[in-house]
Amino acid sequence: MKKEITLKINGEEFTKEVEPRTLLVHFIREDIGMTGTHIGCDTSSCGACTILIDGKSAKSCTILAVQAAGKEITTVEGIATTEGVHPIQEGFKENHGLHCGFCTPGMMLRAIELLEKNPDPTEEEIRWGISGNLCRCTGYNNIVKSIIYAGAKLRGDELPSTEPVFVE
Amino acid sequence: MIPSPFDYTAPSSLDEALKLLHDLGDDAKILAGGHSLIPMMKLRFAEPEHLIDLNNIPGLSYLKIEGGMLKIGAMTREVETEESAEVAVHFPIFADVAKLIADPQVRNFGTLGGNLAHGDAANDQPAVMLALDASVEIAGLDGRRTVGIDDFFYGFYSTAVQEGEILTEILIPIPSGRSGNAYHKVERKVGDYATGGVAVHLEMDEQGICTKAGIGLTNVNPTPLRAVRSEAALVGTSLDNGAISSAAQFASEDCNPSSDLRGDIDYKRHIIRAVTKKMINKAKQRAFKN
Ligand SMILES: Cc1cc2nc3c(=O)[nH]c(=O)nc-3n(C[C@H](O)[C@H](O)[C@H](O)COP(=O)(O)OP(=O)(O)OC[C@H]3O[C@@H](n4cnc5c(N)ncnc54)[C@H](O)[C@@H]3O)c2cc1C
Ligand code: FES
Ligand code: FES
């Protein structure tokens, strides 16, 4: 039996009927038509489907759409403002934090919560913080750099160098 | 992957949930964090006809110290025990264990109650609860009862929570005097279930003699395992190297690991010996720091 749910996605309210078994990621991608949230593993492991639910990072392939009723959801489509891209987006762009880009939306949403809780994380804290997000391209170094950059930008500190780091 | 069809209700009180659970019988399942249940439903290992979601019931998520007990509401998320400074005073073990459970996104949703009620020996909280000598409060239509952790785990995916019942609270005695605890597991990669894990809790008197020892093992037995001989090897000693080595040896002998993708039996026994030793030393160190 279908259920009617009302929820906010990126500030906009939606009311829709869904089957209880509909996964939130499918609801966002197929019913709402926002395809920035990706499906990587479909088994709760890769973090490509990460979104924010009431500010908390969550794997939307492991949550039912009905569970999101009454909640506020943020996807990658909702992080830029009229003023421009979000500092985390700028960080990824400036530091070459992506290659194919498949993991990037989930990685950025996760990083947003991480920086909210811990505005000035160490490299180790960042690596633990993104341990639920897999990237098959970058080798993570530039992702860590991107998050450090975004942290500095959000704090209003001097921005770190975006020059590539060569490992001997 | 999509679960097979089911009906869904999110009651707003515990009574309502218990009534529903009673009326629907074994066609219904409780949904807590959903991070064990939904993956199983997607794989069709579980096909409940009805889900009763506890997430809209107020008052099931809390951490409080009351009457000499740490009380943890069943719907408290892993992340909350990981970050609580109040909990860390007596139980740094919760930060140890949470950090090793899956990843931050899973810990934002997975609940302490669900981690125990799932009845999976691969989960990490059961070993911690064994070490800390927890008890669990279970509610049914007829009232509430409390079950000691040693009587809680029945078998694979089977616990003392019976049809029509809901786990509501976890109770952990606050240690008096000098105490320390620690958890570690060996995992193939970050976020994996344990190849083997060990939780240790120690209490000592003024002279540094061990008065109480709790040791729980993860994923090396069909159910979460208390290392009884290891505990006995420590109590009454000054936690000298000899006592610690015997305790570690007993744990490796008394566990019953199976050979699987994570390693063979000898390897797992070796892990249990090494990690038991390490965790006793870490718990002891923490006890003397307090
Ligand atoms: C990728 C991934 C990796 C993971 N790695 C680990 C790990 O390393 N270590 C670890 O310990 N866990 C791990 N988990 C499991 C995670 O911690 C789960 O969240 C936890 O085991 C179950 O909690 P839950 O609240 O999500 O329960 P749910 O999935 O909602 O429920 C699990 C079971 O318990 C029952 N149940 C739940 N709450 C109650 C209650 N209050 N009363 C009665 N019955 C109840 C449900 O009916 C269901 O049968 C992992 C999960 C994922 C997705
Ligand atoms: S698609 Fe959700 S974690 Fe991989
Ligand atoms: S950039 Fe390709 S998976 Fe991360």
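Within every chain, numbering begins at 1; the chains are lettered A, B, ... in the order of the sequence lines, protein sequences first and strands thereafter. Atoms considered below: every heavy atom in the structure, side chains included; atoms not considered: hydrogens, waters and symmetry mates.
Taking the side chain as every heavy atom from C-beta outward, B/Val79 and A/Lys56 never approach each other to under 4.5 Å. Between B/Pro39 and A/Thr62, the closest side-chain pair of non-hydrogen atoms falls below 4.5 Å. Taking the side chain as every heavy atom from C-beta outward, B/Asp103 and A/Arg110 never approach each other to under 4.5 Å. Counting heavy atoms from C-beta outward, A/Glu113 and B/Asn108 have side chains that approach closer than 4.5 Å. Inter-residue side-chain proximity for A/Cys61 and B/Lys42 is flagged as met; some heavy-atom pair is nearer than 4.5 Å.
Between B/Met1 and A/His26 the shortest heavy-atom distance is O-CE1, 4.4 Å. Considering every non-hydrogen atom in both A/Gly132 and B/Pro104, the closest pair reads N-CD, 4.3 Å. Taking every heavy atom of both residues into account, A/Ser57 and B/Phe109 meet most closely at O-CE1, 4.2 Å. Contact detail for B/Ile38 and A/Ile63: the closest heavy-atom pair is CD1-CA, 4.2 Å. When every heavy atom of B/Pro5 is checked against every heavy atom of A/Glu19, the shortest pair comes out as CB-OE2, 4.5 Å.
Proximity to chain A (any heavy atom under 4.5 Å) is shown, for B/Lys99, by both the backbone and the side chain. Neither the backbone nor the side chain of B/Leu37 comes within less than 4.5 Å of any heavy atom in chain A. Interface residue B/Phe6: backbone and side-chain heavy atoms are both found under 4.5 Å from chain A. Neither the backbone nor the side chain of B/Leu43 comes within contact range of chain A, judged by heavy atoms closer than 4.5 Å.
Of the listed residues (A/Leu114, A/Thr50, A/Thr43), the greatest number of heavy-atom pairs within a distance under 4.5 Å of chain B belongs to A/Thr50. For the set B/Ala10, B/Gly191, B/Ala102, B/Ser4, the entry with the most heavy-atom pairs within less than 4.5 Å of chain A is B/Ser4.
Note that OH of B/Tyr8 and CD of A/Gln67 are 5.5 Å apart. Values are rounded to the nearest 0.5 Å. We find the CE-CG distance between B/Met41 and A/Leu64 to be 6.5 Å, quoted to the nearest 0.5 Å.
Few gaps surround NZ on A/Lys117; more than 12 heavy atoms of other groups in view lie less than 6.0 Å from it. Within a 6.0 Å sphere centred on NZ of B/Lys278, other residues, nucleotides and ligands contribute 12 heavy atoms or fewer. Around NE2 of B/His22, the count of heavy atoms belonging to other residues, nucleotides or ligands within 6.0 Å does not exceed 12.
At distances below 3.5 Å, not a single donor-acceptor pair connects side-chain atoms of A/Lys59 with backbone N or O atoms of B/Gln105.
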